[in-house]
A.B. asks: 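Structure provided below as structure tokens; questions to follow.
Proteins come first, then strands; the chains are lettered A, B, ... in the order of their sequence lines, and each starts at number 1. In this text the structure is predicted, and so the values were computed from the model without any measurement.
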Amino acid sequence: MNELFEGLAEAARLIVTLDSDLIEISLRSLQVTVTAVIVASAIGLPLGAWLAVNRFRHRRTAIATLNALMGLPPVVVGLVVYLLLSRSGPFGVLGLLFTPTAMIVAQIIILTPLVASIAHQAMRDMWAEYHDLLISLNTTRWQRIRVLIWDGRRALLTASLAGFGRGIGEVGAIMIVGGNIDHSTRVLTTAIALETGKGNFALALGLGFVLIGLALLVNGLIHTLSHTEVSDRW
Amino acid sequence: MVEALILPLRLSGAMVRRKGRTIVGPVDHQVSATGFTIVMGPNGAGKTTLLRMMHGMERLSAGSVTWQVPERDARERQAYVFQTPVMMRRSVLDNVAYPLIVHGVRPKPARARAGAWLEQVGLSGLADRQATVLSGGERQKLALARALIRAPQILFLDEPCASLDGRAMRDIEAILRAAHAAGTRIVMATHDMGQARRLATEVLFVHHGALHEVASASTFFDHASTPDARAFLKGDILE
């Protein structure tokens, strides 16, 4: 129990003193995950809408696979990305291993199926509603996808935020491809893992509270900016 | 520019079958270029499927539905109002402007025209409200404005006044009369005998998926030729 209070106190101290290391790794956490969420959303949201609108032969298989990929183990993704980016791997020449870019690539792979799958579920319900109207108005496939994305933007925000939630707390993949290098690829989650290993529980817990606070802050900010949960609006 | 006329619409042997059951057809009929057609018949007779088939929303199992212009051009000049209108999750004004915007009109003029239509259907006070909070009658008026905004040559309506009160029904009938007077061909399914008598110039009586009787309104209501139609008009329950 004592460790928890020490952790809280440590979190308060880190924030109040504007600890430069804390700020650096927090910003890197945000940079990696926010970039990954943006790219994953750019792929996943239209993909989800596309799957909702189109009927093709292996649609059920595709959706089942997508849903299964939501549970993709980050450690395995990290390992595969590591092998692809390592010196002897196919993309070794790019020299990306142990850089924030590598961490972003790994997170994009983890987040895209999650974002696409949640988006698909929201879009499927909306498509059932809009179907007759959009067919009657003689819209093209692309126009249908666009209207679903625009009118369903609040539901899609939830998909992106779910991706952010998974990304910001993820440690397995970014530890492997980033290497947790101080002042280079260290982020909140890898720092927590490191400090826990060293036995610095107060510092680890402090960082943990900062991480939770950060996640709450980002979610709250986005909800406020987009006016969700306000009556009379979607 | 004179717009090519898409009517008359010719259905020959048109049939819709689903899971081995014939829903509608085979239908041989010609929808003439003018008039106000009311489609009547008991529940499950196939009124909705007949309308959707004419509009090109049902896959035909046999026969053909042909317009005077290629199918693709004909689609541009038709509109359809569904029994439960689809409310897009946006403002009332943007709902009405959508058919214009999606077909290439710039948002600003599209919204201006949508505003004018809202005025005509009596919804201008609600332009900025979310469409999803409208009442049943308001939804139908929105759907009518959205259908008429592209000045279709033919308008299909599937029981637009089902479960509406007298006042909303009167408003909607006034809008339909105005559209008809302006030259829009109307084909409408309804259950309401009084409404049919008020509006129809021609009646299609549908029973068991077949076009049972086609007659001008006066002939149909006064001297229906088939026993089923007479029974239906008397208010008997048709099996």
A.B. asks: More than 12 non-hydrogen atoms from neighbouring residues, nucleotides or ligands closer than 6.0 Å to CZ on R141(A), yes or no?
C.D. replies: no
A.B. asks: Passes side-chain contact (heavy atoms from CB on, under 4.5 Å), M87(B) versus E129(A)? Steps please.
C.D. replies: CA-CA 8 Å; M87(B) 292 296 104; E129(A) 213 180 302; 5.8 Å; no
A.B. asks: Please evaluate residues V102(B) and R146(A) with respect to the criterion side-chain contact (heavy atoms from CB on, under 4.5 Å), reporting the C-alpha separation (whole Å), side-chain torsions for both, the decisive distance (0.1 Å), and the verdict.
C.D. replies: CA-CA 10 Å; V102(B) 82; R146(A) 274 216 319 230; over 6 Å; no
A.B. asks: In terms of heavy-atom contacts, does CZ of F91(A) have more than 12 from other residues, nucleotides or ligands at under 6.0 Å?
C.D. replies: no
A.B. asks: Rounded to the nearest 0.5 Å, what separation is found between the CZ atom of R75(B) and the CG atom of L137(A)?
C.D. replies: 9.5 Å
A.B. asks: Please check if the number of heavy atoms outside E24(A) that lie under 6.0 Å from its CD is greater than 12.
C.D. replies: yes
A.B. asks: Report the C-alpha separation of S136(A) and F82(B) in whole Å, then their side-chain angles, then the decisive distance to 0.1 Å, and conclude whether the side-chain contact (heavy atoms from CB on, under 4.5 Å) test is met.
C.D. replies: CA-CA 10 Å; S136(A) 169; F82(B) 299 95; 3.9 Å; yes
A.B. asks: Can you say whether M88(B) sits under 4.5 Å from chain A via the side chain, the backbone, both, or neither, judging by heavy atoms?
C.D. replies: both
A.B. asks: Rounded to the nearest 0.5 Å, how far does CE of M57(B) lie from NE2 of H131(A)?
C.D. replies: 6.5 Å
A.B. asks: What are the two closest heavy atoms between R52(B) and D132(A), and how far apart are they?
C.D. replies: NH1-OD2, 3.2 Å
A.B. asks: Roughly how far, to the nearest 0.5 Å, is the NE2 atom of H55(B) from the CD1 atom of I135(A)?
C.D. replies: 9.5 Å
A.B. asks: Quick one: pull up OG1 in T139(A) and OH in Y98(B) and give me the separation to the nearest 0.5 Å.
C.D. replies: 5.5 Å
A.B. asks: So if I apply the side-chain hydrogen bond (donor to acceptor under 3.5 Å, both in side chains) rule between N138(A) and each of H103(B), Q78(B), E76(B), which one comes out positive?
C.D. replies: E76(B)
A.B. asks: Please assess Y130(A) against R89(B) for the test side-chain contact (heavy atoms from CB on, under 4.5 Å), listing each intermediate value before the final yes or no.
C.D. replies: CA-CA 10 Å; Y130(A) 277 30; R89(B) 298 173 188 182; 3.8 Å; yes
